[in-house]
Amino acid sequence: MAASMGVSRFHKWSNGQLLKYFRRKLTPSLRGTGTSAAVCQPRPDHEDAGKTFVVLQEERRERAERSVLISCPSKTSEKKVLKFLSKHGAINNCFFYDGYGTYAVVEFANRDGIHSLHEATSLPSVLHEASVPFKSRLLNLKGNGVDQSNGPTSLKLHTQTSPPINDLIQRLAAEESIDQQLHSLTSTLELTNENVALRFLVCSLIKDIAGAFFPECTIRPFGSTVNGFGKLGCDLDLFLDLDSVSGSSTKRPSGLSVEYQVKRVASERTVTQSVLSVVGEGLEQFAPGCVGVQKILNARCPLVRFSHQPSGFQCDLTANNRVAMKSSELLWLLSRVDERVRCLVFMVRSWARVHGITSSIPGPWITNFSLSMLVVFFLQGRSPPILPTLDQLRDLASPADKCVIEGNDCTIVSDLTKIQLEQNTEPLETLLQEFFEFYSTFPFNRMSINIRKGKQVHKPEAAALHIQNPFEAGQNVSKNVNAAQLERLVALCRESAWLLAHGGVSVPPSTVRVASSGVAKAAPWGVAALLLPSVAEAAGVKGRRKKKREPASERIKSLLQSLNKPGKK
């Protein structure tokens, strides 16, 4: 984090010195697209190394409380914006991005900066309509007749979405090995520090609305935003934490005590539905930037779904969902044990999405969480193991790590240094191929995935795919998956394993093809080839409505013919 910059220092510097300072201090490092293994290591090492999941999330939440989101004019001078805002307080960090217009995320050194900015901010004047006078930290910067185009206007805009699949394939095709491709895939798709900061800021803005009804509540992100496997453009899952309000964890002292009078209702589910209904109404009526609010209160897990337009995030707000928060912590912990974990999960998720194994539409498709469980289970079974079992993580936990949620033991170690495993040096290429081989022959018809024990167990139910919930032993996280979707997954695993084993995706990286535009491009190979739709067609999964298998793709046919030629073995 850049050092705080006092207001007085700005007035002593020339414009050129000020701009250079901000560029040096406020511009985060460029996203790596290189091929070294370092790009896949936990990031950023200098900020969060040695910190627990809870401490890291709390620091990010506190920084978001000191931040504002500002819509800027189309022609904006970074120097002028920062100089103007610095009058209200020292700035720790600032970055710009392009969403529905140009936006700036500005983190002040303390909340006094936000208070000062609010004091100088007015409500907009509108004609022929009314506006809700809600003073949030989502602001508009107005030029008021001042020419913003004076001086440098070229902003460094930080991307908030992943690249198109064709661009990704070309980037991967230019790498020199499959291991390098997997590292490049991860560094290209992973959430940036800026995107994570924006996500925590959105949570903080939503908390300002919910706090009107529940002053001590907290909005926490969970899922892909915090578990280490988030992809640029993924949805934002929010958890409305009322635990500090309810006082459920407070020990009652002996003797006299005082408790709040509360409204009593039939069940905890009724409370959750009522709370979300009220907060959802507040978002719809008063929250600037929140559109398309849907209150889905009769679902198994009641939620409020909406779009946060300034950030571009699709948001799902739930309450009373503490097990999901703990699952996020578990995945984050496992992602830090070994750098290869993230690379494999990113690859498997991308591969599944390209070929229609996962979907953003609810239905019988396997979820990203279930795919992550498959990768974790596979890595637990290596010799020596790359990941510990959940029981081992529980046994390493200290008394302070003890966690029981709704009668479920959710205890896991928080100190990463306690996890000591025998060194496994298998390359990513080997792990990827054997992952596909492992699940192309896995006895899904009778066995279940159990990461708590790290071994196969007999299925307790007749579901097509059974993956035991890490913290709720009686729950199957893949219960929605039907036999047809499981068959498609197995078929694709079989096809991908065969291609990797027989060299069907291995061609010299120097081989190029000329596109219709006349520009030479690297021919897709390795991981890039596995992300081509032709692999899905070869596995007979081109269309979800087609029951009959499609014939093998032309590329697969050519490969088979070459293998059958005289002299080929």
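The residues of the chain are indexed from 1 along the displayed sequence.
In this structure the side chain of Val376 never reaches within 4.5 angstrom of the side chain of Ile449, judged on heavy atoms. By the 4.5 Å heavy-atom criterion applied to side chains, Leu232 and Glu190 are not counted as neighbours. You'll find the side chain of Leu189 reaches within 4.5 Å of the side chain of Pro163, heavy atoms only. By the 4.5 Å heavy-atom criterion applied to side chains, Val304 and Leu240 are not counted as neighbours. For the pair Thr188 and Leu185, the minimum side-chain heavy-atom distance is 4.5 Å or more. With contacts defined as side-chain heavy-atom distances shorter than 4.5 Å, the pair Leu421/Val337 qualifies. In this structure the side chain of Glu194 never reaches within 4.5 angstrom of the side chain of Tyr97, judged on heavy atoms. Side-chain contact between Leu236 and Phe200: absent, with no pair of heavy atoms (C-beta onward) separated by less than 4.5 Å.
Side-chain N/O atoms of Arg137 and Ser204 include a donor and acceptor closer than 3.5 Å. One side chain, Thr367 or Ser370, offers a donor N or O that lies under 3.5 Å from an acceptor on the other. Judged purely by distance below 3.5 Å, without hydrogens or angles, the side chains of Asn195 and Gln160 pair a donor atom with an acceptor atom. Side chains of Glu429 and Gln433: no donor on one and acceptor on the other come within 3.5 Å. With 3.5 Å as the limit, one finds no donor-acceptor pair spanning the side chains of His183 and Thr186. Side-chain contact, Asp401 with Ser414: a donor N or O sits under 3.5 Å from an acceptor N or O. At a cut-off of 3.5 Å, with distance as the only test, no side-chain donor of Arg349 or Thr358 sits close to an acceptor on the other residue.
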- Message: Working note: Phe346 + Leu182, criterion side-chain contact (heavy atoms from CB on, under 4.5 Å); need CA distance, chi angles, decisive distance, verdict.
- Response: CA-CA 8 Å; Phe346 269 93; Leu182 290 169; over 6 Å; no

- Do Asn321 and Leu303 pass the side-chain contact (heavy atoms from CB on, under 4.5 Å) test, and can you show the C-alpha distance, the side-chain angles, and the key distance before you say yes or no? CA-CA 10 Å; Asn321 198 15; Leu303 60 94; over 6 Å; no

- Query: Checking side-chain contact (heavy atoms from CB on, under 4.5 Å) for the pair His158/Phe96: CA distance, chi angles, key distance, verdict?
  - Reply: CA-CA 6 Å; His158 292 267; Phe96 295 80; 5.8 Å; no

- Message: Could you walk me through whether Leu486 and Ile366 satisfy the side-chain contact (heavy atoms from CB on, under 4.5 Å) test, starting with their C-alpha distance in whole Å, then the side-chain angles of each, then the deciding distance to 0.1 Å, before giving a yes or no?
- Response: CA-CA 8 Å; Leu486 178 60; Ile366 193 169; over 6 Å; no

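When each of Gln57, Glu65, Glu59 is tested with Arg61 by the rule side-chain contact (heavy atoms from CB on, under 4.5 Å), just one qualifies, namely Glu65. Partner Val68 forms a side-chain contact (heavy atoms from CB on, under 4.5 Å) with one of Val106, Leu205, Leu85, Leu201 and no other, that one being Val106.
What you find for Gly454 and Gln380 is that their closest heavy atoms are CA-OE1, 3.3 Å. When all heavy atoms of Ala397 and Thr411 are compared, the closest pair comes out as CB-CG2, 3.5 Å. Pro364 approaches Gln485 most closely through the heavy-atom pair O-CG, 3.3 Å. The shortest non-hydrogen separation linking Phe313 to Ser311 is CD1-OG, 3.1 Å.
Side chain of Ser478 to backbone of Val481: no donor-acceptor contact under 3.5 angstrom is found. Side-chain atoms of Ser496 never come within 3.5 Å of backbone atoms of Cys493 as a donor-acceptor pair (strictly under, hydrogens ignored). The main-chain N or O of Pro385 is never found under 3.5 Å from a side-chain atom of Asn424 such that the two would form a donor-acceptor pair. Looking only at distances, no side-chain donor or acceptor of Glu175 sits under 3.5 Å from a matching main-chain atom of Leu172. Side chain of Asn480 to backbone of Gly363: a donor-acceptor contact under 3.5 angstrom is found. Looking only at distances, a side-chain donor or acceptor of Gln181 sits under 3.5 Å from a matching main-chain atom of Trp525. In terms of modelled atom types and a separation under 3.5 Å, the side chain of Thr159 and the main chain of Thr161 share a donor-acceptor contact. With hydrogens and angles disregarded, a donor-acceptor distance shorter than 3.5 Å links the side chain of Arg488 to the backbone of Gly356.
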Using atom types as modelled, flag every donor-acceptor pair under 3.5 Å from a side chain in residues 323-330 to any protein atom, sequence neighbours excluded.
from: Lys326; atom 1: NZ; to: Glu329; atom 2: OE1; distance (Å): 3.1
from: Ser327; atom 1: OG; to: Val323; atom 2: O; distance (Å): 3.2
from: Ser328; atom 1: OG; to: Gly223; atom 2: N; distance (Å): 2.8
from: Ser328; atom 1: OG; to: Ala324; atom 2: O; distance (Å): 3.1

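Not counting sequence neighbours, the partners of Asp391 by the salt bridge (charged side-chain N to carboxylate O under 4.0 Å, His left out) test are Arg394, Arg452, Lys453. Phe436 is linked by a ring-ring contact (aromatic ring centres under 6.0 Å, His included) to Trp351, counting only residues two or more places apart in sequence or in another chain. Residues satisfying the salt bridge (charged side-chain N to carboxylate O under 4.0 Å, His left out) test with Arg353, not counting sequence neighbours, are none. Under the rule for a side-chain contact (heavy atoms from CB on, under 4.5 Å), the partners of Ala197 that lie at least two apart in sequence or sit in another chain are Phe95. With sequence neighbours excluded, no residue satisfies side-chain hydrogen bond (donor to acceptor under 3.5 Å, both in side chains) with Ser71. Asp338 is linked by a salt bridge (charged side-chain N to carboxylate O under 4.0 Å, His left out) to Arg340, counting only residues two or more places apart in sequence or in another chain. With sequence neighbours excluded, no residue satisfies side-chain hydrogen bond (donor to acceptor under 3.5 Å, both in side chains) with Asp237. Remark: Gln456 pairs with no residue by the side-chain hydrogen bond (donor to acceptor under 3.5 Å, both in side chains) rule, at least two apart or across chains. Every residue two or more places apart in sequence or in another chain that forms a ring-ring contact (aromatic ring centres under 6.0 Å, His included) with Phe438 is listed here: Phe378, Phe442.
The ring-ring contact (aromatic ring centres under 6.0 Å, His included) contacts involving residues 412-434 comprise nothing, where partners must be two or more places apart or lie in separate chains. Judged as a salt bridge (charged side-chain N to carboxylate O under 4.0 Å, His left out), the pairs with a partner in residues 372-382 (not counting sequence neighbours) are, in order, Arg382-Glu426, Arg382-Glu434.
Here CD of Glu437 is found 10.0 Å from OG1 of Thr430. Values are rounded to the nearest 0.5 Å. Here Ser224 contributes atom OG and Asp235 contributes atom CG; the two are 8.5 Å apart, rounded to the nearest 0.5 Å.
Under a cut-off of 6.0 angstrom, the local environment of NZ in Lys418 is crowded, with over 12 non-hydrogen atoms contributed by other residues, nucleotides or ligands.
Salt bridge status for Arg66 with Glu62: present, with a side-chain N to carboxylate O gap under 4.0 Å.
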